*Asks:* 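Following this message is one structure expressed as structure tokens.
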Amino acid sequence: MTVNSGSPGWYLRRLSRMGPREVGGRVGDAVRRRRWRSALPDCPSVTGARFTAVLPAGAVAAVPPDAAKRLIAEADRLMSGHAEYFGVDRDDLVDPDWWYDPKTGRRAPWGYAFDVPYRDEDAVGDIKQIWEPSRHQYLTVLAAAYAVTGDERYAERVAEHLRSWWGANAPLRGVHWTSGIELGIRLLSWVWIRRLLDGWPGAADLFEGNPVALNQIWHHQRWLAAFPSRGSSANNHVIAEAAGQFAGACAFGWFPSSARWRADALRSLERQLRSNTFGSGLNRELATEYHGLVLELGLAAVAEADAAGVPVPAPIRLVLLRMTDALAAVVDSRLRPPRQGDADDGHGLVVDGAGTDRWASLLATGDVVFGRLDWWPAVTGTDVRTPLLAALIQPYSKSGTAPAVSRPASRPAHFADAGMTILRGPAGIWCRCDGGPHGFLSIAAHGHADALSVEVRHDGVDLLADPGTFCYHGQPEWRQYFRSTLGHNTLQVDGADQSVSGGPFLWTRHARSRVLVADTSDAAVGGTARWCAEHDGYRPSVHRRRVELTAATQELRVVDEVRGPRRAVRLAFHLGPSIAADLAGNRAALTWTRDGVDRSATLDLPGQLSWRAHRGESDPPLGWYSAGFGRKEPATTLVGTGFTDGTEGFTTVLRFHG
């Protein structure tokens, strides 16, 4: 079903997922938006402002040479006007048009911000393409290149683009004033730009000595204070809003409201970090990239607090510690985390060049800030961000307010609250089993209909892959496919999703899963790891799945049962893009190459089903893999169709060779 996110029916479905307090808050927001249309106050006058949140001496010198080399290469590419956003190559960034979408060729309309229909691609263009450059994270890269090299060309380009953006985007006018996450991340970028340009003679005149900059900073903070994400929308967006507001109020604390903004943002950050994070440390959205985004934002906020001497509530550091340990626990042998739920390539702070491993960078920062545990995987890569953050953040053991905490003595494999279980075998065999909640809050905005799905890798190579996300707005049939049950390695019944979608970021009914067995004995040392879970998304039937990983045979066995009346079923297995498959009957021979070595496996599929291979089909979509937002490539999907009578299971066996 294709759902228009601006239709009256969508608004009714969205309203049905809100509680009374959220409804009241949104009514207040609507009243405030009408009032703000005609009453734009002036920024308070500021005299004698000074920027003091500078990097300590030696911080930039600690950047490893190879990380600096990647940074400078990226900065030079940006200086030539080239960048890539969500699969679209741009060559127009020497003099950007801040409202232009190169993907559709459209320009967003001018007008009062809250009148802009930013979800309507026909009217605005692809909003992600328009918003992303205006997060100004490419400018933090240029500013970092200046800090590392002292080359003023980078600083001058940053100043030119900031003045251009400020001039083209007056407060409350246009599409860049419609979403709090954009304002929050942009404000955080400005803080780091000012910090990284501190040695440049023009830095003060660009920021604290510039009435236009002061006006923009003040209006960003006023907006964030007035329109926080609420209730069922208080996911990663509210973290970005609070982190950006807090960073701005610490580093740019020149206004009469700065102390109040800072205190309010810190309280919100503490509350929302706890709300958005399971006790195990995994993010409640069950969307791995948002785990990374929230962790980056949290670390950046703590850096601002420590730089400004603002005491950080102990729960904030504790949540970030647990998030870091959880990340270390779930990554595979190549430091790749699960590909679960939505992913839109969002970052909290970008100061690195292309080729820098995001997850290795987070673990490297965690090592410095929290201290690595013996079971953490080794990180051999380097980055720019870690030494810069480490220069500002007090180590956990020295932070004063941080309580002593019991950390895992061995690598966790089962996260009961999140329903995630990692089975590990020899030769880098890694299997994620999903028996957790459908998503976070009543709308589960970034969840997928993926209950009981599995994700299997060999030495970091996707074999049974989670296909990813690809898009949010503008292409509803693709949005529907990539978040569907058929779009995951699980069982579909009667052609329906396990959970019911009410729009591109709205689920009106959630499948409920429960894990029955999670024996994560390390199969890498000769044992067998077992997992079993079930969900109720196909009531009155129940889908139950068992997974066993046996070390001695390098074999993964998956058994699916549908308990209930006779139903039509489709069982899907999505192969990674580097996997070649030769399907004969119900057996698929899989081959791939890793680091110049040929590898192979056999996938024996349930004989009760009729099997077909699909690849790169568009009507309807089937057989695709999205490595990143806005990008997709053909990949083989094996689909078995048939019926179940509730008395026998479907057994799939994946055997690795050598």
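Note that the numbering runs from 1 along the sequence shown for the chain. As the structure is a computational prediction, the values presented were derived from the model and not from experiment.
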*Asks:* Any side-chain donor-acceptor pair under 3.5 Å between S499 and H510?
*Replies:* no

*Asks:* Could you tell me whether R615 atom CZ has more than 12 heavy atoms of other residues or ligands within 6.0 Å of it?
*Replies:* yes

*Asks:* Measuring centre to centre across the rings, with the benzene-like ring taken for any Trp, is H446 within less than 6.0 Å of F440?
*Replies:* no

*Asks:* Ignoring hydrogens and geometry beyond distance, is a side-chain donor-acceptor pair present between S280 and D417 at under 3.5 Å?
*Replies:*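 Note: S280 and D417 side chains meet the donor-acceptor criterion.
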
*Asks:* Do we see a donor-acceptor contact under 3.5 Å between the side chains of T520 and H414?
*Replies:* no

*Asks:* Ignoring hydrogens and geometry beyond distance, is a side-chain donor-acceptor pair present between W376 and D367 at under 3.5 Å?
*Replies:* no

*Asks:* Taking only residues two or more places apart in sequence or in another chain, which ones pass ring-ring contact (aromatic ring centres under 6.0 Å, His included) with H488?
*Replies:*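 Partners of H488 under the ring-ring contact (aromatic ring centres under 6.0 Å, His included) test: H448.
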
*Asks:* Looking at R599 and D459, does any basic side-chain N land under 4.0 Å from a carboxylate oxygen?
*Replies:*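 Salt bridge between R599 and D459, a charged N being under 4.0 Å from a carboxylate O: no.
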
*Asks:* For D494, look at atom CG and say whether over 12 heavy atoms of other residues, nucleotides or ligands are found less than 6.0 Å away.
*Replies:*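 Yes, CG of D494 has more than 12 neighbouring heavy atoms, counting only those of other groups under 6.0 Å.
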
*Asks:* So, applying ring pair (Phe, Tyr, Trp, His ring centres under 6.0 Å) with F629, which one of F470, Y472, W478, F482 is it?
*Replies:* Y472

*Asks:* Would you check if V369 and L321 make a side-chain contact, meaning some heavy-atom pair closer than 4.5 Å?
*Replies:*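 No - every pair of side-chain heavy atoms lies 4.5 Å or more apart.
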
*Asks:* Can you find a pair of side-chain heavy atoms, one from I429 and one from R424, that are under 4.5 Å apart?
*Replies:* no

*Asks:* Please identify each residue that fulfils salt bridge (Lys or Arg N to Asp or Glu O under 4.0 Å) with E285, with sequence neighbours left out.
*Replies:* none

*Asks:* When you compare the side chains of Y290 and N276, does any donor N or O come within less than 3.5 Å of an acceptor on the partner?
*Replies:*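 Judged by distance alone, the side chains do not pair up.
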
*Asks:* Side chain to side chain donor-acceptor pair (under 3.5 Å) with R284: which residues, sequence neighbours excluded?
*Replies:*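 By the side chain to side chain donor-acceptor pair (under 3.5 Å) rule, R284 matches no residue at all.
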
*Asks:* Report yes or no: do H614 and T636 form a side-chain donor-acceptor pair below 3.5 Å?
*Replies:*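 On atom types as modelled, these side chains do not qualify, holding no pair under 3.5 Å.
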
*Asks:* Do the side chains of E270 and I316 get nearer than 4.5 Å, heavy atoms only?
*Replies:*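 SC-SC contact between I316 and E270 confirmed.
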
*Asks:* With F656, which residues qualify under ring-ring contact (aromatic ring centres under 6.0 Å, His included), at least two apart?
*Replies:*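 Result, ring-ring contact (aromatic ring centres under 6.0 Å, His included) vs F656: H458.
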
*Asks:* Backbone N or O of L622 within a donor-acceptor pair of the T637 side chain at under 3.5 Å?
*Replies:* no

*Asks:* Tell me which one of D332, L463, D466 satisfies side chain to side chain contact (heavy atoms under 4.5 Å, CB included) with E455.
*Replies:*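 That would be D466; it is the only one of D332, L463, D466 passing the side chain to side chain contact (heavy atoms under 4.5 Å, CB included) with E455.
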
*Asks:* If you define the side chain from C-beta out and look only at heavy atoms, does anything of R479 sit under 4.5 Å from D342?
*Replies:* yes

*Asks:* Where do A418 and L282 come nearest, in terms of heavy atoms and distance?
*Replies:*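 Shortest heavy-atom separation between A418 and L282 comes out as CB-CD1, 3.7 Å.
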
*Asks:* Do we get R457 above W430's six-membered ring, with its NZ or CZ under 6.0 Å from the centre and within 45° of the axis?
*Replies:*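 Yes, R457 and W430 form such a contact.
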
*Asks:* Rounded to the nearest 0.5 Å, how far does CD of E296 lie from NE2 of H291?
*Replies:* 10.0 Å

*Asks:* Within a reach of under 6.0 Å around CZ of R514, are more than 12 heavy atoms found that belong to other residues, nucleotides or ligands?
*Replies:*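 No, not enclosed.
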
*Asks:* Any side-chain donor paired with an acceptor under 3.5 Å for R567 and S541?
*Replies:*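 Result is yes, a qualifying pair exists.
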
*Asks:* Begin with the C-alpha distance, continue with both residues' side-chain angles, and end with the deciding distance and a verdict on ring pair (Phe, Tyr, Trp, His ring centres under 6.0 Å) for H473 and F505.
*Replies:* CA-CA 10 Å; H473 301 287; F505 299 97; 5.4 Å; yes

*Asks:* If only side-chain N and O atoms count, and only distance matters, is there a donor-acceptor pair under 3.5 Å linking S521 with D519?
*Replies:* yes

*Asks:* Under 3.5 Å, is there a donor-acceptor pair linking the side chains of S501 and R483?
*Replies:* yes

*Asks:* Is there a side-chain contact between P620 and E477 in this structure, where contact means two heavy atoms from C-beta onward sitting under 4.5 Å apart?
*Replies:*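 They are not in contact (no side-chain heavy atoms under 4.5 Å apart), so the answer is no.
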
*Asks:* Just jot down the ring-ring contact (aromatic ring centres under 6.0 Å, His included) partners of F573, sequence neighbours excluded, or say none.
*Replies:* none

*Asks:* Report yes or no: does R339 contribute a side-chain atom to a donor-acceptor pair with the main-chain N or O of P467 at less than 3.5 Å?
*Replies:*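 Here the side-chain-to-backbone pair exists.
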
*Asks:* Look at atom CZ of R407 and say whether more than 12 heavy atoms of other residues, nucleotides or ligands are closer to it than 6.0 Å.
*Replies:* yes

*Asks:* Do L638 and W611 pass the side chain to side chain contact (heavy atoms under 4.5 Å, CB included) test, and can you show the C-alpha distance, the side-chain angles, and the key distance before you say yes or no?
*Replies:* CA-CA 7 Å; L638 306 175; W611 290 90; 4.2 Å; yes

*Asks:* So how far is it from L297 CG to L349 CG, rounded to the nearest 0.5 Å?
*Replies:*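 Output value for this atom pair is 9.0 Å.
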
*Asks:* Can you see which heavy atom on V461 is nearest to which on S578, and at what distance?
*Replies:*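 Taking V461 first and S578 second, the nearest heavy atoms are CG1-OG, 3.5 Å.
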
*Asks:* Name all residues meeting the ring-ring contact (aromatic ring centres under 6.0 Å, His included) criterion together with H543; count only those two or more places apart in sequence or in a different chain, and write none if there are none.
*Replies:*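 Applying ring-ring contact (aromatic ring centres under 6.0 Å, His included) to H543 gives H535.
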
*Asks:* With heavy-atom distances below 4.5 Å as the criterion, would you say the side chains of L273 and I239 are in contact?
*Replies:*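 In contact.
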
*Asks:* Going by distance alone, is a donor N or O of one side chain under 3.5 Å from an acceptor N or O of the other, for S513 and E534?
*Replies:* no

